[in-house]
Amino acid sequence: MPGERDFRHIKRVVVKVGSSSIIYSTGRPNLSRMEQLVRQLADLHNQGKEVLLVTSGAIGVGQHRLGYTRRPKTMPEKQAAAAVGQGMLMHMYEKFFAEYGVVAGQILLTREDFSDRKRFLNARNTMYTLLRLGVVPVINENDTVAVEEIKLGDNDNLAALVATLVDAGLLILLSDIDGLYDADPRKNSRARLIAEVTEITPELEAISGGAGTSLGTGGIVTKLQAARIAMHSGIITVLAGSSEKDVVRRVVAGEPLGTVFWPCSRLENKKRWIAFSSTVHGRIYVDEGAARALVENGKSLLPSGIIRVEGSFEMGNTVSICDPSGKEIARGIVNYSSSEVERIKGLQTRDIARVLGHKDYDEVVHRNNLVLDI
Ligand code: GLU
């Protein structure tokens, strides 16, 4: 749904800034950049908008303070750097916001704060309360406690999840990359900026470097992942260069800066959580008929169409539903555990009680708890 590039009517805005945008290559903080950013956010706040800042830089600032010349390699060292750096970052933000009369509040999140539905709702309540009190939440991943397996790992995805969590209207990703290009602008002088994106196609992913390239890690790949989450959540995303003068104000005013990703759908809140925040605990493979029934006719998943189960899950967990070729066609919350599904797969619903000794549901995944559009 591309529309006018004028976002001044949008009330709730999440701005994400990357480490290299607020830290010099020496590892010292770029105070003027931080100050300019805060001034623009304070200005939005003064216009009556609700502003949330997702900021990276804790590990970068901390490692420099601790005397590392390169990024530490071990997890405890990175966590130590984050412990030092996060405090320093917050101190600087707090000072700058205070100069403009705005109160900032720190929120540190881990993946589990999104994947555990109760924690997710708690985090949302806290953020709504802060916004109601006129506070600007300053958010980062809780790097000092999050180890690799439970890490979101990059703040682009974090910012998109925060934007869906609070139902923001606009997500601005500020980066040293000033937009999405049709080729790597650092290697190809003819690379052209893509001003508008309405769908993240495989072609777009391919020209953007794909996962694992030098551009990929924390680069364009995670920005596309973030944009995808926002696009399915009814949130407009703008990727723009952090060094651009007055970038936040100009993006909000609709100046043609960077790349706009227009929303393509607006999943209801619970479905967004299923699609993007919850942890996938296993896979259920279905036959062609069941795949069609789910995708084309919006049906629930019944035991009869199930051909195979992978992974170990409990009732209430999120699973991925795949067609016979292994392609994920949906994600949903299961009514039966993996061992139960294993026993009832291929059977009619009337057989469930006989085989399991109980039947609480006809459906393995009810369509209300099923997301197709991912
Ligand atoms: N949370 C990390 C930090 O503050 C940054 C993650 C990222 O660069 O996306 O250092």
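None of the values given here were measured: they were computed from a predicted structure. Counting convention: from 1, in listed order, for ligands and their atoms alike.
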Heteroatom distance test ([X], ligand 1): nitrogen or oxygen, under 3.5 angstrom:
| X | value |
| --- | --- |
| Thr55 | no |
| Asn140 | yes |
| Gly60 | no |

Ligand 1 atoms nearer than 4.0 angstrom to some heavy atom of Asp154 are 9 (O)
I'd like to know if the side chain of Tyr68 pairs up with that of Glu77 as donor and acceptor (distance under 3.5 Å, no hydrogens or angles considered).
yes
Just checking, is any N or O donor in the side chain of Thr164 or Ser233 under 3.5 Å from an acceptor N or O on the other one?
no
Among Ile139, Asp143, Val17, whose heavy atom sits nearest atom 2 (C) of ligand 1?
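Among Ile139, Asp143, Val17, the closest heavy atom to atom 2 (C) of ligand 1 comes from Asp143.
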Where the closest heavy atom to atom 8 (O) of ligand 1 is concerned, which of Ser20, Ala81, Ser56 has it?
Ser56
Residue among Val15, Ile139, Asn155, Ile22 satisfying side chain to side chain contact (heavy atoms under 4.5 Å, CB included) with Thr55
Ile22
For a quick test of reading the model, state the closest non-hydrogen atom pair linking Lys271 to Leu370 and the distance between them.
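For Lys271 and Leu370, the tightest heavy-atom pair comes out as NZ-O, 3.1 Å.
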Donor-acceptor pair, Thr126 side chain versus Asn122 backbone, under 3.5 Å?
yes
Contact check, Gly18 vs ligand 1, heavy-atom distance below 4.0 Å
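Checking ligand 1 against Gly18, which is what was asked, there is no heavy-atom contact under 4.0 Å.
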Whether over 12 other heavy atoms sit under 6.0 Å from Arg28 CZ
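Atom CZ in Arg28 is not crowded, with 12 or fewer foreign heavy atoms closer than 6.0 Å.
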Which is it for Ile59 and ligand 1 at heavy atoms under 4.0 Å: side chain, backbone, both or neither?
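The answer is both.
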